[in-house]
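Along the sequence shown, residues carry numbers from 1.
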Amino acid sequence: MATDYDAPRKTDDDLNEDSIEELKARRVDKSSSSVDVDETEQAEGFELPGADLSGEELSVRVLPKQADEFTCGRCFLVHHRSQLAKEVGGQMICTECAA
């Protein structure tokens, strides 16, 4: 059950005022308001691994590697020069992979 940490908290007086019958009635009310959902309708929106995405178009603008960036030789991500930890055998290594 999710907890809303921003909601005002009940004091000890408020907790003592709730009777067992009120709490049982609340539990019954919550369970009766559940909605029947068709599982097949929910599953139609999910993409399975290995699905054919050849008809999809890229919706993000891709920029080429800039002069102040490098590609890490271990994780193959493009980082800013400030993230360069070391260079081993001609391969640049980022600070995350060097740690």
ILVMFWY cluster membership beyond V88 - transitive side-chain contacts under 4.5 angstrom: I93

Please name all residues satisfying side chain to side chain donor-acceptor pair (under 3.5 Å) with T71, sequence neighbours left out, ordered by chain then number. none

In short, A98 meets K86 closest at the heavy-atom pair CB-CE, 4.2 Å

Residues which pass side chain to side chain donor-acceptor pair (under 3.5 Å) with S59, listed by chain and number, not counting sequence neighbours: none

Test side chain to side chain donor-acceptor pair (under 3.5 Å) applied to D6 - qualifying residues, sequence neighbours left out: none

Excluding F70, membership of its hydrophobic cluster (Ile, Leu, Val, Met, Phe, Trp, Tyr; side-chain heavy atoms within less than 4.5 Å) reads L84, M92

Look at the side chain of Q66 and the backbone N and O of P64, then say whether any donor-acceptor pair between them is shorter than 3.5 Å. yes

Considering residues at least two apart in sequence or located in another chain, which fulfil the side-chain contact (heavy atoms from CB on, under 4.5 Å) criterion with E96? C94

Working to the nearest 0.5 angstrom, can you tell me the gap between H79 NE2 and D68 CG? 13.5 Å

